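On a predicted model such as this, the values are computed, not experimentally measured, just so you know.
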Number of protein chains: 2
Amino acid sequence: MPPFDLSRTRDTSTEEIHPCSACAARSLSVCAALEPEELRRLADLTQTVRYESGHTLFGEGDAADALYNVTAGTVKLYKLLPDGRRQITGFLMTGDFLGLALNESYAYSAETVTDTSLCRFPRRKMEALLDEFPRMQRRLFSMASNELAAAQDQMLMLGRKSAREKICSFLLMLSQRAVRRGFKENPVTVPMSRADIADYLGLTTETVSRTFTQLKTERVITLLEGGKVRLNDMDALHDLAEGA
Amino acid sequence: MPPFDLSRTRDTSTEEIHPCSACAARSLSVCAALEPEELRRLADLTQTVRYESGHTLFGEGDAADALYNVTAGTVKLYKLLPDGRRQITGFLMTGDFLGLALNESYAYSAETVTDTSLCRFPRRKMEALLDEFPRMQRRLFSMASNELAAAQDQMLMLGRKSAREKICSFLLMLSQRAVRRGFKENPVTVPMSRADIADYLGLTTETVSRTFTQLKTERVITLLEGGKVRLNDMDALHDLAEGA
DNA sequence: GGGCCGCGTTGACGTGGATCAAAGTGCCAC
DNA sequence: GTGGCACTTTGATCCACGTCAACGCGGCCC
């Protein structure tokens, strides 16, 4: 799709001397709470990669030969039905980890939503490291637990919430994740397209668009330029997200 | 709800001398592939418990003080919205493990669907054991990975499949799980109520009922007594489950 | 027995969100 | 500038599934 790949030619050698400790949100990433020795060993096998938006990291069924930690940008994970229907199972942002399901092949596809940089860990070496350092494995396990909890929340959303509740939940999630990454600013950045949002929420682009304008009309949110959304009343939004 | 609790008074001392190794589907359970020493230590902290159908094991937000391995029966996990809407996030059957998300409190509720027996592992002791035996932790991690993959499948189902596709997917899942537990018989046992199925698939009981009779009319399935369902054409069912 | 209750089925009807269609907007190439 | 393209918005219509309501059936208690 993209005519050429700018990202690959960019010189990153000066910006990331020690790739893993450069993970922007270290407290969130796999590097969190590791001993210096563990961190050094992890850095040894780390490759940093950069892709522009729309790049496919891997597809469902591909051999799972690497794990990633997102250090900048947004990545979407999705599954497809044979006829092309798509369900986005999650968006990964700075600090998020990709490839927790340590199976032989990926159970989903991953594609960049924006220009993205990642730390890449070859799987074999990573597994060896996990065997050596149980603390790291424990860390990954705890991350998997959190993902499991998030997956359950999303099931509740997909199965039982209305379109309006889904959109409000989605905006709140973006807001909360921004806060956790240390960005407290209220106008939330929504880097993904309407189609991506629709496929994440189990809706169509038309419904997503309509619901946004509806919420805008009711002054619950304000749509700003650059894909930003101001949440005018967090409490109201929270109620709207759960049908209270 | 139940007038009295038969199960608690039943004498299990003779049937399960070594509780963990008695896990019916050991190859599936947490005990799988453990060394004798690990197994013995695990057995030391195992309690076996039995509950009749409709018993609440724990509720969302309760302090997470135990993990369980289902040894017989069926358990449902669910989350609720403030107004009572419910999403069942999974059914656990013989061999399945409960409480993988090792957080301070449970993120969901768990309730027995049928009479159920379980191995109960106090959380603190279990964590200590995991620290001692990284192999066990690895085993749990791998189970969590599988759950994550299952959760993604369910998201795809909830977000993108029609009622008919959901029902077919559901029946196929029951069938596959029965096979994995060693029961090859085709008439699948469906132990849960229409309401439970509906809350699992993001539908209403009426739609579930109608879809069943519709599939019955088309000779895709046959409804048998005792909550059993014969799948008349597995290939057709597989196609129906994915809109092929 | 009779009444009640929980569960499942069926029917009639309503509606939220999908579908189909078209127009608006911004961006890039030329 | 003009054209093309991808994305978004808006409108009109449709329909799959929800809602509301009635009824059937089996189990259990009195």
- Query: Between dT9(C) and Ser209(B), is there an OP1 or OP2 to side-chain N/O distance shorter than 4.0 Å?
  - Reply: yes
- Query: With sugar-phosphate meaning primed atoms plus P, OP1 and OP2, does Ser193(B) contact a base, only sugar-phosphate, or nothing at under 4.0 Å between heavy atoms?
  - Reply: sugar-phosphate
- Message: Is Thr207(B) close enough to dG18(D) that one of its side-chain N or O atoms is under 4.0 Å from OP1 or OP2 there?
- Response: yes
- Message: What is the separation between atom CZ on Phe212(B) and atom P on dG8(C), rounded to the nearest whole Å?
- Response: 10 Å
- Sidechain-backbone polar pair: Gln87(A) side chain, Asp199(A) backbone, donor-acceptor under 3.5 Å: yes
- Message: Should the side chain of Arg210(A) and the base of dG11(D) be counted as holding a donor-acceptor pair, with the cut-off at 3.5 Å?
- Response: yes
- Listed nucleotide nearest any side-chain atom of Ala163(B), set dC17(D), dG17(C), dT9(D): dC17(D)
- Message: Under 4.0 Å, counting only non-hydrogen atoms across every strand here, what does Gly202(A) touch: a base, just sugar-phosphate, or nothing?
- Response: sugar-phosphate
- Message: Any carboxylate oxygen within less than 4.0 angstrom of a Lys/Arg side-chain nitrogen, looking at Asp115(B) and Arg50(B)?
- Response: no
- Query: Just one of Lys76(A), Gln154(A), Lys79(A), Met192(A) clears the side-chain contact (heavy atoms from CB on, under 4.5 Å) bar with Ile88(A), so which one?
  - Reply: Lys76(A)
- What's the closest nucleotide to the Thr213(B) side chain, out of dG18(D), dA18(C), dT10(C)? dT10(C)
- Query: Any N or O donor-acceptor pair linking the side chain of Glu206(B) to the base of dC20(D) at under 3.5 Å?
  - Reply: yes
- Message: How many whole angstroms separate atom CD of Glu225(B) from atom P of dG8(C)?
- Response: 16 Å
- Query: How close or far is atom P of dG18(D) from atom CZ of Arg85(B), stated in whole angstroms?
  - Reply: 13 Å
- Nearest listed nucleotide, side chain of Leu203(B), among dG17(C), dC17(D), dG8(C): dC17(D)
- Distance, rounded to the nearest Å, where Leu223(A) contributes CG and dT10(D) contributes C1': 15 Å
- Report the distance from atom NZ of Lys166(B) to atom P of dG18(D), rounded to the nearest whole Å. 7 Å
- Interatomic distance, Lys161(A) NZ vs dG17(C) P [rounded to whole Å]: 14 Å
- Parallel, tilted or perpendicular, as decided by the 30° and 60° cut-offs, for the rings of Phe91(B) and Tyr200(B): tilted
- Message: Could you check whether any side-chain heavy atom of Thr112(B) comes within less than 4.5 Å of a side-chain heavy atom of Glu52(B), counting everything from C-beta outward?
- Response: no
- Note on the structure: Gln214(B) CD to dG8(C) P, in whole Å, measures 19 Å
- note: Arg164(A), atom CZ; dT15(C), atom C1'; distance rounded to Å ~ 16 Å
